Amino acid sequence: GGAWSEDSAVSITGGTITTGGGVQVIANNTGSAKAVIENGAKISGIGVNDTELPTGSWYDTAAYINGKAVVDAQKSILVRSTDNATADSNATATTIGILMNASETYGYNYVNPKNKTSIQATLMARESIGIEALSRAVMNSITEENSGGLFSSGELYAYNLLNRNLTTE
């Protein structure tokens, strides 16, 4: 299977910032996890209870202004944290190219993003103040028997599990 873990954080902690322009505090986190059995793999389904292609991804993304900071901008202030996760799991008779006879065969994706934007400061802007936490996940789990292979007994499953923790404070 494929696994991915990544942390991304940006912050202003304490102090005073005064600017004639704008201030942006932006954290971006992008990653992907993929599990695919390629055609021609030497795998036998005989006596196998479970055939799974799992992916797991964990993302921590944060943007902070804290520590009693003071930010004074003549234009805008933007504090944004964004995570973009992609997970693909492909368990098909075509990609496996063998007899599939496990009692359970499935593709499975697990994406666990934690995304936080936090302000514990004084913000002054003449135009606008934006505080955003954005989270996006694209998950594809394919499990199928088709003309490329023979499936004998058992069940086919495809799972996508998204456990999102999104906070703006």
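Hydrogens, waters and symmetry mates are skipped; everything else that's a heavy atom, side chains included, is used. Being a predicted model, the structure only gives us computed values, none of them experimental.
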Going only through I, L, V, M, F, W and Y residues with side-chain contacts under 4.5 Å, is there a path from Val71 to Tyr64?
no
Are any side-chain N or O atoms of Asn29 and backbone N or O atoms of Asp60, one a donor and one an acceptor, separated by less than 3.5 Å?
yes
Among all residues two or more places apart in sequence or in another chain, which pass the side chain to side chain donor-acceptor pair (under 3.5 Å) test with Asn112?
Asn163
Ile26 vs Asn28 side-chain heavy atoms within contact, under 4.5 Å
yes
Looking at OH of Tyr59 and CG of Asp7, how far apart are the two atoms once the value is rounded to the nearest 0.5 Å?
11.5 Å
Output the distance between atom CE (Met139) and atom OG (Ser57), rounded to the nearest 0.5 Å.
7.0 Å
Does Glu132 have any side chain to side chain donor-acceptor pair (under 3.5 Å) partners at least two apart in sequence or in another chain, and if so, which?
Arg80
Taking ring pair (Phe, Tyr, Trp, His ring centres under 6.0 Å) as the definition, give me every residue that meets it alongside Tyr110, ordered by chain and number, with sequence neighbours left out.
Trp58
Please check: side-chain N/O of Asn115 versus main-chain N/O of Asn165, any donor-acceptor pairing under 3.5 Å?
no
Starting at CD of Gln74, measure out to CE of Met124 and round the result to the nearest 0.5 Å.
10.0 Å
Connected via hydrophobic side-chain network under 4.5 Å: Ile131 and Ile65:
yes
Under a 4.5 Å cut-off applied to non-hydrogen side-chain atoms, are Asp72 and Arg126 in contact?
yes
Tell me the salt bridge (Lys or Arg N to Asp or Glu O under 4.0 Å) pairs involving residues 110-122, sequence neighbours left out?
Lys116-Glu169
Pair Thr61, Ser81: side-chain N/O donor-acceptor within cut-off below 3.5 Å
no
Hits for side chain to side chain donor-acceptor pair (under 3.5 Å) against Arg136, two or more places apart or cross-chain, chain-then-number order -> none
Residue pair Ser135 / Asp83, side-chain donor-acceptor N/O under 3.5 Å:
yes
Closest heavy-atom pair and its distance - Ser128, Ser76
OG-OG, 2.9 Å
Which residue in the set Ile129, Thr117, Thr168 passes side chain to side chain contact (heavy atoms under 4.5 Å, CB included) when paired with Val79?
Thr117
Decide whether Leu123 and Val25 are clustered together by the hydrophobic rule: side chain heavy atoms of Ile, Leu, Val, Met, Phe, Trp, Tyr closer than 4.5 Å, transitively.
yes
Hey, what do you get for CG (Asp88) to CG (Asn109), rounding to the nearest 0.5 Å?
6.5 Å
Do any side-chain atoms of residues 9-23 form donor-acceptor pairs under 3.5 angstrom with protein atoms, and if so which ones, sequence neighbours left out?
unit_1: Thr13; atom_1: OG1; unit_2: Asn66; atom_2: OD1; d: 3.1
unit_1: Thr19; atom_1: OG1; unit_2: Gly21; atom_2: N; d: 3.1

